[in-house]
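Working notes, structure below.
Residue numbers begin at 1 in each chain, while the letters A, B, ... track the order of the sequences.
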2 protein chains.
Amino acid sequence: MNRKPNLKDVAELAGVSAITVSRVLTHPDKVAAKSRQKVEQAIAELGYIRNHAASALASNRSGVLAVIIPSLSNIVFNEVLQGIYSAVKPHQLQVILGDCHYSPLEEEKLIATLLSQAPEGLILTGTDQTDYARKLLQNAGIPVVQLMELTNNPIDINIGFSHFAAGKAMTEHLLARGYRRIGFLGARMDPRTQHRLAGFRKAIEDWNTANNAKNSGAEPSSARCEPYVVTTSQSSSIKLGGQLLQSVMAESAGQCDAVFCCNDDLALGALFAARQMNLRIPADLAIAGFNDLEASALVDPGITSVASPRFAMGQQAVELILQKASGAQTEFSPLDVGFSIMVRGST
Amino acid sequence: MNRKPNLKDVAELAGVSAITVSRVLTHPDKVAAKSRQKVEQAIAELGYIRNHAASALASNRSGVLAVIIPSLSNIVFNEVLQGIYSAVKPHQLQVILGDCHYSPLEEEKLIATLLSQAPEGLILTGTDQTDYARKLLQNAGIPVVQLMELTNNPIDINIGFSHFAAGKAMTEHLLARGYRRIGFLGARMDPRTQHRLAGFRKAIEDWNTANNAKNSGAEPSSARCEPYVVTTSQSSSIKLGGQLLQSVMAESAGQCDAVFCCNDDLALGALFAARQMNLRIPADLAIAGFNDLEASALVDPGITSVASPRFAMGQQAVELILQKASGAQTEFSPLDVGFSIMVRGST
DNA sequence: AAGCAAAATGGTTGCGCTAACATTTTGGCT
DNA sequence: AGCCAAAATGTTAGCGCAACCATTTTGCTT
């Protein structure tokens, strides 16, 4: 026999019926130890491997979890993925991963493709899905998680934190440290980066307002905080951080005394470049980042950054999907996992 | 109607037969434009999504590519993955990714699981599969790629480079630069790392032999090159690099004048730690790494490292699998993609 | 030993789709 | 108009498995 063995072949060899073999594979406790042993031996002997497609078709359960991330190369999503994999492991689940390259349209296509696998659940990054994608997901009737950021209008389950609040908090930290000519270095400018930038602007606006009120008598302009915003649609890298630092220095005529980088890659690049420009950190220039990568804590000076529980978010996404899939009809309100500012030498 | 629409529903709405709808999805050029249009409209109207399981079962083609990497967290495999995804994109293929945590046994289990999806091909990392895994793969009859390193006894397709040669070449570079008390810092010690270490040892042994021959008259010991090897089974990180540097300094009583780190994470950590120890790089201490991460080129001084075409390897793996799957019965001999030593300031 | 509930096992059927073959329609030619 | 090959479409059957329900066996109690 040259074709691959199937259930029936195993059943014949083991001297039982096909359905018993099937049960050994899916509900081993429903089968007497003796039969189970015979079946297991037959499986080993034939090198039998269950046909997942047939199983999924007959049982209407795919055992697949679909995940779409915006970028494989960004280590941030990698950590989320690790959380997802760690949570998936004890369950009989395969992960199908798609990379939508930060494009909602690609994401839409991917969703359509991945839904054809009839996944048990779907994990998306961010909250900017197209209308058609939302419709597809509604029709699919499976648990969907929007991860990383929060929205008032979730498709289903929503886990994340406010990038606006984080951006604002970090900027307030810089203001509190006395920096007044603060640059924002932004790359790729995906929605979350834009929220961080919005938080940055809000913090400065608020500060200027408050400051004007205080110094209502004096000339206000002298105490105003001046933001310098340099952004690019290029994707982020360490090298780019250095280039953007030069841009902001040029734009501010060297006045810039602090930069808030939209992520730690840029921040590291800015740090390396600042050293070459003979800027003392943080005396001449403060550097703040986002994501709290390992390197940020270990360079000298350490880079102040925003930490968030990425691994845990991934885990939680899987857990809530499984909860929901197993019938728990609890409503999940958006789950804010928060963030924290890791203050280090760079500010 | 509450259940999900199927092919027949679409066919009825479009006024054609089910098989025509199926053809629109798989061989659109075999269907007249008029019918195709009707079908496409019906699909859109119903929000129809093909049942992949049924399709796979009936057609005996899964449209799935299985990939197993040893670690999600190691950026090296991430880059390979990116190559895989880029090559997969133009084809109708989904990637199912497994993480075996550097364990051949986990890998074996994963292989069994992933094979149940009847993938069109399988990409593995390294060449250390268990015997049972090899047997499973032989039975499966699908193209298999062993990636990253080379072997004389490949399961099927083999793409990679010699980590032994790379380790040897880097050590020879250090010797050529005049360093004589060279440390090897190794973490996790997976097979590839061990080959690098073997190359390191061989280079030093060769050098000592040659040197003895030359100085046969003089006392040989004074000119001997002394290796210091510090390894740990812990997984690699920047922080660990600093700790291992301290270990090797302690072990060598401060005599060590160069360290060859088994990867750039360790090398970065060693660099940061060396600065804090007030060692001048490369005057007091040379640092060499492996993998040529982006940061290695941008820190100051840049870290000398071994570069390899990881992205291209991933791409090539997919392409060879597809070639083989489409019937090209060409035999592939192990494909050596080579490596190059990126010499930078740290040595 | 008889009776019975529970556990174990089996037969039938259909999941949704596509391969293979069969049939119909189309369009170009004389 | 009539013919014919090629293109388009349809019919039938079955992929391998698990749900459902039916039947048999087991192991316990009286």
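In this structure, NE2 of A/His52 is placed 10 Å from P of D/dA18, rounded to the nearest angstrom. Between the CG atom of A/Leu7 and the P atom of C/dG11 there is a distance of 14 Å, given to the nearest Å. Rounded to whole Å, the distance from CG on B/Leu25 to P on C/dG16 is 15 Å. Remark: P of C/dC17 and CG of B/Asp9 are 9 Å apart, rounded to the nearest angstrom. We find that CZ of A/Arg61 is positioned 15 Å from C1' of D/dC17, with the value rounded to whole Å.
Between the NE2 atom in B/His52 and the NE2 atom in A/His52 there is a gap of 9.0 Å [rounded to 0.5 Å].
Taking only side-chain atoms of B/Ala32, from C-beta outward, the nucleotide of C/dG10, C/dT18, D/dT9 with the closest atom is D/dT9. Closest contact between the side chain of B/Ile19 and the listed nucleotides C/dG16, C/dA20, D/dC17 involves C/dA20.
Nucleotides of DNA chain C nearest to A/Ser17 and A/Ala58 differ in position, and the one nearer the 5' end is that of A/Ser17. Both B/Ala54 and B/Asp29 sit near DNA chain D, but only B/Asp29 has its closest nucleotide nearer the 5' end.
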Q: Run the numbers on A/Lys135 and A/Glu108 for salt bridge (charged side-chain N to carboxylate O under 4.0 Å, His left out), then give the verdict.
A: CA-CA 10 Å; A/Lys135 183 190 153 191; A/Glu108 176 187 299; over 6 Å; no

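In A/Arg61, the CZ atom is not crowded: 12 or fewer heavy atoms of neighbouring residues, nucleotides or ligands sit closer than 6.0 Å. Within a 6.0 Å sphere centred on CG of A/Asp29, heavy atoms belonging to other residues, nucleotides or ligands number more than 12.
Within 4.0 Å (heavy atoms only), A/Arg23 reaches at least one base atom of the nucleic acid. B/Leu57 comes within 4.0 angstrom of a base, heavy atoms only.
Close to C/dC17, at under 4.0 Å from its OP1 or OP2, lies no side-chain N or O of B/Ser59. In this structure, A/Ser22 reaches the D/dA18 phosphate: one of its side-chain N or O atoms is under 4.0 Å from OP1 or OP2.
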